Amino acid sequence: MFQSMAVICAAAGVIYLFIPHDDTADPIKPVDYRVELVTAQRVAPYPVAAPEGLGAGWRPTSVSYDSREADAWHLGFLTPEREYVAVEQSTDSPVRHVVRVTHDARDTGKVQQVAGRAWQRWEGPKYDALVLREEGVTTVVTGTASFERLGQMAAALKAKQG
């Protein structure tokens, strides 16, 4: 049994030494969300929002559009400080949608002005959020980032419908 273990450890050591690996590489790979954005803009019953002109360091990490789940649009980012920020839109009930995407955040009753629009502030145990209710769609900017960063994302949003 000892000899078998020695052979296995030797083989693992050789593999580790000769297979290239970079322990300093960032494991988070940015995604290109342009195709999904154009597709969602064509089929969604509301203008789909995506940021334009965010500063350097913002990295898109996830994207999805699900027409079966109340036309839900999701676009996730990492801030330059490596905090999470997501844009979530849906035709679902506003409160149900916000609670779901923020993991149980609650309305604080406060308002934050962003680019001339009043966004509701929600705070939660996992994510905070800025919420904008419009005719037929609720837009949520949520994540672990500060309200300042959430506001920066909300200000960069441009909504288009194809």
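Keep in mind that this is a model prediction, so the values were computed, not measured. Atom set for the values below is all heavy atoms of this structure, side chains included, hydrogens, waters and symmetry mates excluded.
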Under 3.5 Å, sequence neighbours excluded: what are the donor-acceptor pairs made by side chains of residues 122-141?
residue	atom	partner	partner atom	Å
D128	OD1	G124	N	3.2
E134	OE2	R117	NH2	2.3
T139	OG1	Q89	NE2	3.0

Please list every donor-acceptor pair under 3.5 Å in which a side-chain atom of residues 150-162 meets a protein atom from a residue at least two apart or in another chain.
residue	atom	partner	partner atom	Å
Q152	OE1	R149	NH1	2.5
K160	NZ	E52	OE2	3.1
Q161	NE2	A44	O	3.0

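Legend: side chain to side chain donor-acceptor pair (under 3.5 Å) pairs involving residues 1-10, not counting sequence neighbours: none detected. Here salt bridge (Lys or Arg N to Asp or Glu O under 4.0 Å) pairs that include residues 88-113, with residues two or more places apart or in two chains, are D92-R96. Sorted by first and then second residue, the salt bridge (Lys or Arg N to Asp or Glu O under 4.0 Å) pairs with a member in residues 63-77 read D66-R68; sequence neighbours excluded.
Legend: residues meeting side-chain contact (heavy atoms from CB on, under 4.5 Å) with V111, ordered by chain and number and at least two apart, are Q113, A118. Partners of T144 by side-chain hydrogen bond (donor to acceptor under 3.5 Å, both in side chains), not counting sequence neighbours, listed by chain and number: E83. Residues satisfying the side-chain hydrogen bond (donor to acceptor under 3.5 Å, both in side chains) test with S62, not counting sequence neighbours, are H74. Partners of Q112 under the side-chain hydrogen bond (donor to acceptor under 3.5 Å, both in side chains) rule, at least two apart in sequence or in another chain, are R121.
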Worked verdict on T79 versus E81 for side chain to side chain donor-acceptor pair (under 3.5 Å): CA-CA 5 Å; T79 68; E81 299 82 22; 3.1 Å; yes

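The hydrophobic side chain of I8 is isolated, with no ILVMFWY side chain under 4.5 Å apart from it.
A donor-acceptor pair is defined here as one N or O able to donate and one able to accept, closer than 3.5 Å; no such pair exists between the side chain of T61 and the backbone of L78.
In this structure the side chain of F77 reaches within 4.5 angstrom of the side chain of Y33, judged on heavy atoms. Taking 4.5 Å as the limit, some side-chain heavy atom of V63 sits within range of a side-chain heavy atom of W73.
Hydrophobic clustering (ILVMFWY, side-chain heavy atoms < 4.5 Å, transitive): W58 and L75 are in one cluster. Residues V87 and V99 do not share a hydrophobic cluster, clusters being chains of Ile/Leu/Val/Met/Phe/Trp/Tyr side chains in contact below 4.5 Å.
The two residues P45 and T91 have their closest heavy-atom pair at CG-CG2, 3.9 Å. Closest approach of A145 and V85 over heavy atoms only: CB-CG2, 3.5 Å.
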